[in-house]
Q: 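The structure is given below, and queries will be raised subsequently.
Just so you know, these numbers use all the heavy atoms, side chains as well, and skip hydrogens, waters and symmetry mates. Residue numbers start from 1 in every chain, and the chains themselves are labelled A, B, ... in the order their sequence lines are given, proteins ahead of strands.
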Amino acid sequence: MATSTAPMDAILNLCKRRGFVFASSDIYGGLNGFFDYGPLGVELKNNIKQAWWQDFVHRADDIVGLDSSIIHHPATWKASGHVDNFTDPLVDCRESKMRYRADQLHFAPVRVAGDLLGYVSVLEDEGMQAKAEEAAHEMKRKLARQGTLEPVVLRDFTQATAEEIPLVPSPATGKPGSLTPPRSFNMMFQTHVGALQDASSVAYLRPETAQGIFINFKNVVDTGRVRLPFGIAQVGKAFRNEINPRNFIFRSREFEQMEIEYFISPSADWQASHRAWIERCLAWFESIGIPRAKLSLHEHPREKLSHYSKGTTDIMFEFPFGVQELQGIAARGDFDLTQHSAASGQRLDWFDEASKERYIPHVIEPSVGVDRVFLALLATAYHEDEVEGEKRTVLRLPARVAPYKAAVFPLLKNKPELVERARALHARLRRRFNVFYDEAGAIGRRYRRQDEIGTPFGVTVDFDTLEKGAGVTVRDRDTLEQARMSEDDLVRFLDERVNG
RNA sequence: GCGGGCGUAGCUCAAUUGGUAGAGUACCACCUUGCCAAGGUGGAUGUUGACGGUUCGAAUCCGUUCGCCCGCUCCA
């Protein structure tokens, strides 16, 4: 099967036309970074979440579930580092309209014999010290100053004083006066709990589901009959006030995560566990219909790791707009439990019966965005092909995640006995599966309508069903081939394909 | 946040120098139809993204704003 990725506009178009995804608050002109899932979208999305939960919780011995509240005690986010670190200090150049991260913009005063000549600025990279020194010498030469240049000491722009800011040149123009003071931009959505809106009532919508797991670690250990190593899984909404949401549902301000915190002994080989989780996640993507050929791994370089991470590997997917992160698999060490233990004064550790030791477990965190999986599935499944000279749009979604598992049709609408039998079959099937019924228009048209929304099987009640007791025809969305089978066999047939 | 492009029916698009907003397709009903977007008849559909201005008159001109796409920037 081809592994080409569908163009973004075709996917967008289908999503809107067929009711998968709408712009949020559409009637008011939309709200940037938010999306609503329509009748078909909610089915696909629920199926993704259900498949994930089944595979990682129900069908695993070592993982239990959790559903924590979206708003946690604000101390949670102080301890996790989000209040201080989940923030970008931004600096704008009024002249060039360029924007910089203040902590990546470095500057230094240029002094000769105690006299301030001016300032130099450089963007963060390996050679920035050399560049800054060169610029300082250049300034000294241009001003024709005699004397010894004092050492060039770089600081980042977050440390610039109010007096210094107007003197630091913009890296874009080389002239001072155009840089704004750094403005701190925390990406957590703030709200207030209770009637009073003062500093003591500030709370945050969670920017990740992970912390809800860590702050429940003790509860789960005390009640869940779990034994190390074990995982806690959670599916839920997270919120980030992204500066610039892009690429449809890929980066939105409200999104859904499926996360596991997998706790291991500090003496265990975390790198082996990390690798095992990467394999487990890759296998899961393949099982729901995302081909390995479109997936790749990206290991974060050591110097770019987040404050909590010992190692992070992303599973990347070939999206229509480029290869981008689908899932992050981070080794967080004992950072989070240690932080919450210190901040709360609670013991968040594990007593190992075998060694009679008490320790804070380390953790491997596979974290995947539901909306990104949704988009990856659509990009993989979307195809345009030709059937007998006619163009056909088809979503080749695996039966397990497809919104409808089958559609039931009477061959003709004006033959009451066909309609009655088809309706009865539909009623029987829908007790187990989400199944669509359609009698409007020619049979070919009805097949095509289902092709476009990814329904894997078209079940038709015809005259042989009634007269010869020959069963129904089951038409395959991808091969277009028809098989005839009894209604009992059809139930088994669907069960195998949907539930594996 | 900056620059560029774009917003007309569910979708794809028309609409002359400013002069009654239309077509195809999809949709709904009925008829027809013995398996891959057939045909017939009838029907519904728009504050032309929103707000304001100019004008006798605005989809069209001007301003503001919102949203989408592309490129920067950003994305612990």
Q: Does A/R240 reach a base, just sugar-phosphate, or nothing at all? Heavy atoms under 4.0 Å.
A: base
Q: In whole Å, measure the gap between the C1' atoms of B/rC61 and B/rG57 for me.
A: 13 Å
Q: Determine the Euclidean distance between corresponding C1' atoms of B/rU45 and B/rG4; express it in Å to zero decimal places.
A: 34 Å
Q: Taking CG from A/L12 and C1' from B/rU12, how many angstroms apart are they, rounded to a whole number?
A: 15 Å
Q: Between A/E439 and A/R446, is the closest basic N to carboxylate O distance under 4.0 Å?
A: no
Q: Could you point out which residue of A/R421, A/K468, A/R484 forms a side-chain hydrogen bond (donor to acceptor under 3.5 Å, both in side chains) with A/D462?
A: A/R484
Q: Only pairs with both distances under 3.5 Å count, Watson-Crick or wobble alike; so what is the partner of B/rA15 in this structure?
A: none
Q: Taking CZ from A/F463 and C1' from B/rG34, how many angstroms apart are they, rounded to a whole number?
A: 6 Å
Q: Nearest whole angstrom, please: distance from the C1' of B/rC74 to the CG of A/N241.
A: 13 Å
Q: Under a 3.5 Å cutoff, is there a donor and acceptor pairing between the side chains of A/T312 and A/R332?
A: no
Q: Applying ring-ring contact (aromatic ring centres under 6.0 Å, His included), run through A/F374 and A/Y37 and close with a yes or a no.
A: CA-CA 11 Å; A/F374 185 104; A/Y37 286 77; 5.0 Å; yes
Q: Counting heavy atoms from C-beta on, name the nucleotide in B/rG34, B/rC27, B/rC36 closest to the side chain of A/Q482.
A: B/rC36
Q: A/I443 CD1 to B/rA37 C1': how many Å, rounded?
A: 12 Å
Q: Could you check whether A/R475 makes a cation-pi contact with A/Y447, meaning its NZ or CZ is under 6.0 Å from the centre of the six-membered ring and within 45° of the ring axis?
A: yes
Q: How many Å lie between CZ on A/R392 and P on B/rC36, as a whole number?
A: 13 Å
Q: Could you tell me the Watson-Crick or G-U partner of B/rG46, where both distances fall under 3.5 Å? Say none if there is no partner.
A: none
Q: Determine which nucleotide pairs with B/rC2, using a 3.5 Å limit on both distances of a Watson-Crick or G-U wobble pair.
A: B/rG71
Q: Could you tell me how far B/rU12 sits from B/rC6 if I compare only their C1' atoms? Round to whole Å.
A: 15 Å
Q: From CD of A/E481 over to C1' of B/rC36, roughly how many Å is that when rounded to an integer?
A: 14 Å
Q: If the cut-off is 4.0 Å, is A/R449 near the phosphate of B/rC27, judged by side-chain N/O to OP1 or OP2?
A: yes
Q: Considering only B/rU32, B/rC35, B/rC27, which nucleotide approaches the side chain of A/R445 most closely?
A: B/rC27
Q: For atom C1', what is the distance between B/rG24 and B/rC66, given to the nearest Å?
A: 30 Å
Q: Look at the side chain of A/D462 against the base of B/rC35 and say whether a donor-acceptor pair falls under 3.5 Å; ignore hydrogens and angles.
A: yes
Q: Over 60° means perpendicular and under 30° means parallel, so classify the ring planes of A/W270 and A/H274, tilted if in between.
A: tilted
Q: Check whether any side-chain N or O of A/K16 sits under 4.0 Å from OP1 or OP2 of B/rC11, and answer yes or no.
A: yes
Q: If you assign each of A/A23 and A/D451 to its closest nucleotide in RNA chain B, which residue comes earlier from the 5' end?
A: A/D451
Q: Is there a Watson-Crick or G-U wobble partner for B/rA76 with both distances under 3.5 Å, and if so, which one is it?
A: none
Q: Rounded to whole angstrom units, what separation is found between the CZ atom of A/F457 and the C1' atom of B/rC35?
A: 18 Å
Q: Please state how far atom CZ in A/F34 lies from atom C1' in B/rC68, giving the value in whole angstrom units.
A: 16 Å
Q: For B/rA58 and B/rU54, measure between their C1' atoms and round to the nearest Å.
A: 10 Å
Q: What's the closest nucleotide to the A/T473 side chain, out of B/rC35, B/rU33, B/rC68?
A: B/rC35
Q: B/rC30 pairs with which nucleotide, Watson-Crick or G-U wobble, both distances below 3.5 Å?
A: B/rG40
Q: Using the P atom as the point on both nucleotides, what is the distance between B/rG49 and B/rU41, in whole Å?
A: 33 Å
Q: Nearest to the side chain of A/R475 - B/rG34, B/rC36, B/rA76?
A: B/rC36
Q: Given B/rC27, B/rC35, B/rU33, which nucleotide is nearest the side-chain atoms of A/A442?
A: B/rU33
Q: If you check the A/N32 side chain, which of B/rU33, B/rG67, B/rC36 turns out closest?
A: B/rG67
Q: Suppose you measure atom P in B/rG53 against the same atom in B/rA15; what distance do you get, rounded to whole Å?
A: 29 Å
Q: Taking the nucleotide of RNA chain B with the closest heavy atom to each, which residue, A/E208 or A/K413, is nearer the 5' end?
A: A/K413
Q: How far, in whole Å, is B/rU60 from B/rU20 if one measures between their C1' atoms?
A: 15 Å
Q: Quick one: is A/N414 getting a side-chain N or O under 4.0 Å of the B/rC31 phosphate, OP1 or OP2?
A: no
Q: If you draw a 6.0 Å radius around CZ in A/R449, do more than 12 non-hydrogen atoms from other residues or ligands fall strictly inside?
A: yes
Q: May I ask which nucleotide in the shown strands pairs with B/rG57, Watson-Crick or G-U wobble, both distances under 3.5 Å?
A: none
Q: Counting neighbours of CD on A/E420 that are heavy atoms of other residues, nucleotides or ligands and sit closer than 6.0 Å, is the number greater than 12?
A: no
